[in-house]
2 protein chains.
Amino acid sequence: MKKSTVMNTLKKRIREHKYKFTTQRQIILQAFLSSKENHLSAEDIYEMVRGENPDIGLATVYRSLELFTSLDLVKKLDFGDGRSRYELNDHNLSHSHHHLICLGCGRVIEFTSDFAEEIRSRIKKKNGFNIVDYQLKFYGYCKDCQKQHPEYSEKEPQI
Amino acid sequence: MKKSTVMNTLKKRIREHKYKFTTQRQIILQAFLSSKENHLSAEDIYEMVRGENPDIGLATVYRSLELFTSLDLVKKLDFGDGRSRYELNDHNLSHSHHHLICLGCGRVIEFTSDFAEEIRSRIKKKNGFNIVDYQLKFYGYCKDCQKQHPEYSEKEPQI
DNA sequence: ATATGTGCAAATTTTTTGCACGTAA
DNA sequence: TTACGTGCAAAAAATTTGCACATAT
């Protein structure tokens, strides 16, 4: 889909909820759209955005990310590196995507799967819990790290 | 299993790796074993542990948790409340347990499932990624919150 | 016009670190 | 005995907040 179309959708979502579509909010969303890396920290976004608007404050970035998260435009993630990371929430994806986190080099690889519906109804029955979203993270070793450290290919008992 | 047996296993694991089994480390592990709540923050543990040993420092709690996590005795979790939470890693559980996080009241419910092995081999084939561990979090609404807010029972499109 | 949002600086909260002293093995 | 661990206080890092000013609707 075209980026400008995505931006219009985001704009619409923000306005639907009676929030203002400010320059700052637009620039921050733009940063997500133009970034090659899609797991951005508040600081990352702050740095990217300063090029476009040097006066923007880090607090605004945090406040925007909080708003976007509450509107479900963005997902807040934690890869265990001490800061939160954010990614655009792609509602068009029919299969949710998840993260493979390499314990060797720290790289985060995306991966799609659609086991959700099945588990969803199972849980609804068992716990009465109504699932709206989920996050799945895998920890392990990527191909490259396994090549460099053959012991990383062993099947560990923990799982 | 008896708690004293569990403690002995933990002690053994720590010593196997040439770390000392100090009073502080024991008290902290004891806190996990005796706590009713099993998702503890560093601060929670600090408070619990001060009863037993008032001189213990918060830094020691953090350092111990880091060590325990690296030895896989403990898992570090993030429920999005701004602080890390830790739980004893129960290797005896053949089916891993996961978390249902209620967006209404914040309650965290545990839930077991064993879909892992299946996904594990699928990923190994597809990405060459060797999975050692994984974390699965579900967000939604618990029974009680659905009772109070019928709209929480609606099936949301995001998943 | 005005409710909502922003920038700035300060405050808060969580986690980490340096160093002199203590202790398990 | 001695390498490893701890307490304390200070630092660092991440996030939040208060307030006067700015702006989208």
Side-chain angles (χ1 to χ4, degrees), chain A residues 7-8 10-31 39-71 73-74 76-86, chain B residues 7-8 10-31 39-71 73-74 76-86:
Chain A
M7 184 60 86
N8 278 330
L10 295 169
K11 185 174 179 174
K12 202 175 125 207
R13 291 249 185 93
I14 289 172
R15 288 192 167 150
E16 274 168 4
H17 290 268
K18 311 289 181 207
Y19 295 106
K20 292 176 182 166
F21 188 70
T22 64
T23 324
Q24 292 86 339
R25 288 174 183 170
Q26 172 158 21
I27 293 175
I28 292 170
L29 291 169
Q30 201 56 251
H39 306 132
L40 301 171
S41 68
E43 192 72 34
D44 290 341
I45 293 166
Y46 181 54
E47 290 306 330
M48 293 174 69
V49 144
R50 280 156 74 85
E52 202 68 26
N53 178 352
D55 281 347
I56 203 165
L58 180 55
T60 299
V61 173
Y62 274 106
R63 283 183 287 223
S64 301
L65 290 172
E66 194 193 5
L67 175 70
F68 298 160
T69 304
S70 80
L71 296 182
L73 306 181
V74 150
K76 189 175 182 180
L77 309 170
D78 165 61
F79 296 144
D81 65 345
R83 75 208 64 193
S84 294
R85 300 199 164 265
Y86 301 83
Chain B
M7 185 59 87
N8 278 330
L10 296 169
K11 185 174 181 176
K12 201 174 126 210
R13 292 250 183 92
I14 289 173
R15 288 190 166 152
E16 274 168 3
H17 291 267
K18 311 290 181 204
Y19 294 107
K20 291 175 181 164
F21 189 69
T22 64
T23 324
Q24 291 87 339
R25 287 173 184 171
Q26 171 157 21
I27 293 175
I28 291 169
L29 290 170
Q30 201 55 252
H39 307 133
L40 301 171
S41 69
E43 193 70 32
D44 290 341
I45 293 165
Y46 181 54
E47 290 306 331
M48 293 174 69
V49 144
R50 280 156 74 84
E52 202 67 25
N53 177 352
D55 281 346
I56 203 165
L58 180 56
T60 298
V61 174
Y62 274 106
R63 283 183 287 223
S64 301
L65 290 172
E66 194 193 6
L67 175 70
F68 298 161
T69 304
S70 78
L71 297 182
L73 306 181
V74 151
K76 190 176 181 178
L77 308 171
D78 166 61
F79 296 144
D81 65 344
R83 74 208 64 190
S84 295
R85 300 200 164 265
Y86 300 84

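Chain naming here is simple, since letters A, B, ... match the order of the sequence lines and numbering starts at 1 in each. Note that the structure is predicted; figures quoted are calculated from it, not measured.
Within 4.0 Å of B:T23, counting heavy atoms only, lie sugar-phosphate atoms of the nucleic acid but no base atom. In this structure, B:I56 reaches the sugar-phosphate backbone alone: every heavy-atom distance under 4.0 Å involves primed, P, OP1 or OP2 atoms, never a base.
Residues A:F21 and A:L29 meet the side-chain proximity criterion, which asks for heavy atoms closer than 4.5 Å.
In this structure, A:K20 and A:S84 both approach DNA chain D, and ranking their closest nucleotides by distance from the 5' end singles out A:S84.
A:Y46 pairs with exactly one of A:L40, A:I28, A:T60, A:L58 by the side-chain contact (heavy atoms from CB on, under 4.5 Å) rule, that one being A:L58. No option in A:H17, A:E66, A:R13 other than A:H17 meets the side-chain contact (heavy atoms from CB on, under 4.5 Å) test with A:L71.
In the set D:dC4, C:dG7, C:dG5, the nucleotide with an atom closest to the side chain of A:Q24 is C:dG7. Closest to the side chain of B:A59, out of C:dG7, C:dT14, D:dA9, is D:dA9. When distances are taken from the side chain of B:R83 to each of C:dT15, D:dT15, D:dA24, the shortest belongs to C:dT15. When distances run from any side-chain atom of A:Y62 to the nucleotides D:dT25, D:dT16, D:dC8, the shortest one goes to D:dT16. Nearest nucleotide to the A:Y19 side chain, out of C:dG5, D:dG5, C:dC8: C:dG5.
Of all heavy-atom pairs spanning A:A31 and A:V49, the tightest one is CB-CG2, 4.2 Å. In terms of heavy atoms, B:M7 sits closest to B:Q26 at CE-O, 3.6 Å.
Straight-line distance from the NZ atom of B:K11 to the C1' atom of C:dA24: 11 Å, rounded to whole Å. Computed from coordinates, the A:D44 CG to D:dA14 P distance equals 10 Å when rounded to whole Å. In this structure, the CG atom of A:L40 is 16 Å from the C1' atom of D:dA14, given to the nearest Å. Look at CZ on B:R25: it is 13 Å from C1' on C:dA25, rounded to the nearest Å. Taking atom CG of residue B:L58 and atom C1' of nucleotide C:dT14, one finds them 9 Å apart after rounding to whole Å. When rounded to the nearest whole Å, the span between CG of B:D78 and C1' of D:dT15 equals 14 Å. A:K18 places its NZ atom 14 Å from the C1' atom of C:dT4, with the value rounded to the nearest Å. As rounded to whole Å, 7 Å separates atom P of D:dC8 from atom OH of B:Y46.
In terms of polar N and O atoms assigned as donor or acceptor, the side chain of A:R63 comes within less than 3.5 Å of the base of D:dG18 in a complementary pairing.
Applying the 4.0 Å criterion to OP1 and OP2 of D:dG5, one finds that B:T60 has every side-chain N and O outside that range. One finds no side-chain N or O of A:R15 lying less than 4.0 angstrom from the OP1 or OP2 phosphate oxygen of D:dA24.
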